[in-house]
Amino acid sequence: MKPKNHNRNNMKRYILFGLSLLMAFPLSLSAQDEDFDENEAEEVTKKKTVVRKDYATRTVKGRVIDAATGKPISGAMLQTVDFAGYSVLTEDDGTYELQVPQMATAVFVSAPDFNPVRLALRSGEEQFEVALYSAMFTPEYSKEMNVRSDYAASGFKYSTATNVKEEIQKQLGAVARTTMHNGTNGVGGTIFMNGLNSLNVSAQPLIVVDGVPMEQQYGRTMLHGGFYNDILSNISMLDVQNVTVMRNGTALYGAKGANGVILIETKRSKSMATRITATASAGITLKPKFISMMNEDQYRNYASDLLRTTGTKLSDFQFLDENNSYYYPIYHGNNTDWKDYVYREAITQNYGINVEGGDAVANYNLSVNYMMGQSTLKENDLNRLNIRFNTDITLTDKFWVKFDASFSNQTRDIRDDGAPTSYTEGTPTSPSFLAYVKSPFLNPYSYGQGRFSDSQWEIDDETYLKQALVDYPNYNWQLANPAALNEYAEAENKNRFENSLLNIAVAPKYSFNNHLSLQEHFSYSLVNTSEKYYIPLNGVPSYYVSNVGNTVENEVRSLASKQNSVYSDTRLTWNNRYGAHDVTVFGGARMLFESFKVNQQYGYNTGSDKTPFMHSGLLFANTVGETEDWNSLAWYAQANYNYKSRYYLQANLTAEASSRFGKEAGMKMFGVGWGIFPGVQGSWVVSNEPWMAEIGLVNYLRLTAGYDISGNDDINSNAARSFFRAKQYLKSISSLSFDGIGNDEIQW
């Protein structure tokens with residue numbers, strides 16, 4: 001008969017597992033370790049204890065010092081590379097004596113607050129002195145062998161970045177070249193890891209969060225110009241543990257990894273002691289450096305020269321008069337820097353609370369974060385709430401489960417940004433653009449009773465160009481007042497963006513023995529997006545829209561989209577060591593099901609800035625929408641071979657099929673077109689050769705070469721299909737029109 005406490009432990013395992021699946025968080029915070037060191041050398045985890053294999057050993061001795069001061073470092077850990085269980089801590093004087101397997105060629109040296117080092121072992125007992133540098137510098141070494149030459153970034157505890165792309169650019173530079181779109185908080189940017197690989201489809205990398213690929217919606221249309229829905233802005237930097245950049249991800253991730261892969265790992269519990277951490281931080285962003293613009297006199301001369309090219313017979317214009325011959329000449333006697341009314345210093349605030357802990361059965365990490373981020377552009381503020389719950393549950397000695405659940409919601413005030421592509425579809429409504437092109441001799445405030453107001457914005461249309469452009473009725477030459485546009489376009493039901501992301505992931509793993517394991521990773525993600533767009537009556541001139549063939553007073557739009565993603569990755573892994581030979585092989589199947597729906601509405605002439613509502617009574621009111629469904633299946637395998645930590649060989653193969661392609665794409669198998677993506681990587685760690693270790697000329701030297709065949713699946717989900725689309729003819733008759741001619745020969 002089994003003891004009672006054994007039954008209790010089993011019951012506890014299943015209760016915790018069930019509560020996790022139900023997303024319940026009744027965690028008992030019964031203890032708090034105030035002296036817990038987050039950099040403690042030996043993390044307490046629930047993972048199975050590593051069994052040390054017995055090999056013939058030899059003794060190595062040496063000393064570890066602080067590179068800055070030359071003083072010895074006590075408590076530094078030395079771990080034999082590729083041989084688990086052979087480790088030791090340094091003494092108070094920094095010395096160590098370690099028994100290592102005779103075929104071992106290197107040790108890994110680490111200490112709290114210092115960057116780690118890989119040390120090649122000499123043939124004798126005495127080793128070269130190890131100098132550790134402060135963790136404030138970028139680390140040069142990783143614990144695992146980096147055959148693909150991946151790059152990693154970490155240390156985000158005090159980051160004020162809204163989007164992880166900002167930290168990637170800051171820490172990794174040209175490894176993942178990031179170009180920010182603008183100064184709008186949380187909009188992010190574009191990343192180029194291997195150059196511009198295609199002029200026709202996306203060159204952006206695949207984003208993988210805790211093993212789950214995230215669809216970034218790069219090509220999805222948004223209502224506001226110069227803006228796109230950056231899904232990565234849903235992730236709080238307070239939740240991020242590590243970011244790894246894989247420049248070579250094709251062979252493992254198939255076509256989705258053709259432009260590189262960014263792996264994001266969120267925080268998990270590392271302590272059995274319950275630990276509560278509260279975080280508060282703030283940062284300030286100064287106004288950007290502005291381009292020098294013309295003053296009022298320079299602009300007058302410039303404008304008059306341009307107006308003479310319009311064919312006008314006038315030789316003089318009202319805005320050039322200096323003798324007060326015209327009505328209200330003070331209108332044209334100002335020197336306004338419109339950027340002063342559009343830009344400001346921006347403050348970002350982050351608040352978070354994190355609870356982690358557990359026991360031998362289950363570990364958990366619960367975090368709640370809130371961020372308020374201003375933009376240097378007024379009326380572009382961002383608010384974001386993040387909730388994340390990561391657990392690791394040991395059900396039996398051979399079976400354990402990871403359960404992760406996260407939710408984020410971001411809302412922002414938003415405006416158009418950047419220059420318009422043309423003037424035929426409306427008037428410029430970007431405050432940042434208008435702040436540069438609006439005439440400096442005009443005043444932002446209204447004029448009355450012989451003076452300019454100090455609080456009422458000018459809302460009347462521009463007239464100073466009317467003399468010369470009177471014969472251009474459908475040319476939108478009048479410009480809005482950017483300050484008034486911001487004022488009258490501001491409300492929760494006018495220009496507002498909201499995005500939410502929900503993800504639930506379950507990853508059970510079963511170990512048949514010390515060498516063979518089977519793992520499944522299932523994930524469901526939901527992204528909801530809503531956007532409201534409004535051009536006000538006040539402060540914005542009437543404008544011509546060629547699409548409807550009419551002049552309108554103002555405009556209102558709305559957008560709602562939903563994306564569902566179901567992901568499954570089943571993997572079988574085998575590994576074993578035969579003396580100096582270490583072999584790891586894994587393979588599996590990866591399935592991804594995606595569904596995207598979007599609905600847009602638009603109309604003109606709301607009648608008042610107090611009624612910015614979308615309804616059927618608006619002028620030229622219309623609704624458009626689209627539904628897309630696509631899926632992919634990939635079979636993949638990888639084999640890794642390591643001899644004496646000197647020679648590494650990695651071979652990959654992925655066969656991928658996607659519903660985006662026709663039957664003639666790639667290699668035909670089972671009536672489906674498959675993309676075949678092989679790859680091979682090899683590394684020679686020259687510094688681990690006995691003759692190089694004896695010389696000690698360099699600390700670490702590795703030569704790496706590889707060959708891969710890549711592809712790209714970033715095409716429209718209907719590219720291989722012919723289809724009809726519902727449309728309205730003459731704005732009144734419903735019809736179907738042939739909208740796409742399928743091409744089933746498009747290749748990967």
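We use all heavy atoms of the structure for the numbers below, so side chains are in, but hydrogens, waters and symmetry mates are not. Nothing fancy with the numbering, it's 1 onward along the sequence.
Here the options are I276, T277, L238, the test is side chain to side chain contact (heavy atoms under 4.5 Å, CB included), and the partner is I353; only I276 passes.
More than 12 non-hydrogen atoms from other residues, nucleotides or ligands lie less than 6.0 angstrom from CG of N383. At most 12 heavy atoms of other shown residues, nucleotides or ligands fall within 6.0 angstrom of atom NZ in K562.
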Run V261 and V208 through side chain to side chain contact (heavy atoms under 4.5 Å, CB included) and show every step you take. CA-CA 7 Å; V261 182; V208 180; 3.8 Å; yes
Q410 and E498: side-chain hydrogen bond (donor to acceptor under 3.5 Å, both in side chains), yes or no, with the steps? CA-CA 6 Å; Q410 59 167 312; E498 182 172 2; over 6 Å; no
Apply the test side-chain hydrogen bond (donor to acceptor under 3.5 Å, both in side chains) to residues N386 and D239: give CA-CA distance (whole Å), side-chain angles for both, the deciding distance (0.1 Å), then the verdict. CA-CA 9 Å; N386 291 87; D239 287 333; 4.9 Å; no
Test log, rule salt bridge (charged side-chain N to carboxylate O under 4.0 Å, His left out), inputs E215 and K256: CA-CA 10 Å; E215 171 66 34; K256 291 178 174 56; over 6 Å; no
I would like to know whether D392 and R268 meet salt bridge (charged side-chain N to carboxylate O under 4.0 Å, His left out); could you show each step before the answer? CA-CA 8 Å; D392 300 89; R268 313 194 74 85; 3.1 Å; yes
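The pair K165-D230 counts as a salt bridge, with a side-chain nitrogen and a carboxylate oxygen less than 4.0 angstrom apart. For E490 and R415, the salt-bridge test passes: some basic side-chain N is under 4.0 Å from an acidic carboxylate O. Checked for salt-bridge contact, D337 and K287 miss the test: no charged N lies under 4.0 Å from a carboxylate O. Residues D413 and R496 are paired through a salt bridge, judged by an N-O separation under 4.0 Å between the basic side chain and the carboxylate.
Judged by distance alone, the side chain of T336 and the main-chain N or O of W338 form no donor-acceptor pair under 3.5 Å. Under a 3.5 Å cut-off, the side chain of N481 and the backbone N or O of G539 do not form any donor-acceptor pair. The main-chain N or O of S154 is found under 3.5 Å from a side-chain atom of Q171 such that the two form a donor-acceptor pair.
Scanning both residues, D416 and S430, for their nearest heavy atoms gives O-OG, 3.3 Å. Across all their heavy atoms, L172 and A152 have their closest contact at CD2-O, 3.6 Å. Closest approach of V81 to V107, counting heavy atoms only: CG2-C, 3.7 Å. Taking each heavy atom of S432 and L377 in turn, the nearest pair found is CB-CD2, 3.8 Å. In terms of heavy atoms, V175 sits closest to R247 at O-CD, 3.9 Å.
Between Y488 and Y534, the ring center distance fails the sub-6.0 Å criterion. A distance below 6.0 Å separates the ring centres of Y343 and F290. For an aromatic pair to be called close, the ring centres must be under 6.0 Å apart, and F497 with H224 fails this.
Side-chain atoms of N503 and D404 form no donor-acceptor pair, as typed in the model, at a separation below 3.5 Å. With no hydrogens or angles considered, a side-chain donor-acceptor pair links Y351 and Q349 at under 3.5 Å. N163 and S233 are linked by a side-chain donor-acceptor pair at a separation below 3.5 angstrom, with hydrogens and angles left out of the test.
Because its NZ or CZ atom is both nearer than 6.0 Å to the ring centre of F596 and within 45° of the ring axis, R220 counts as a cation-pi partner of that residue.
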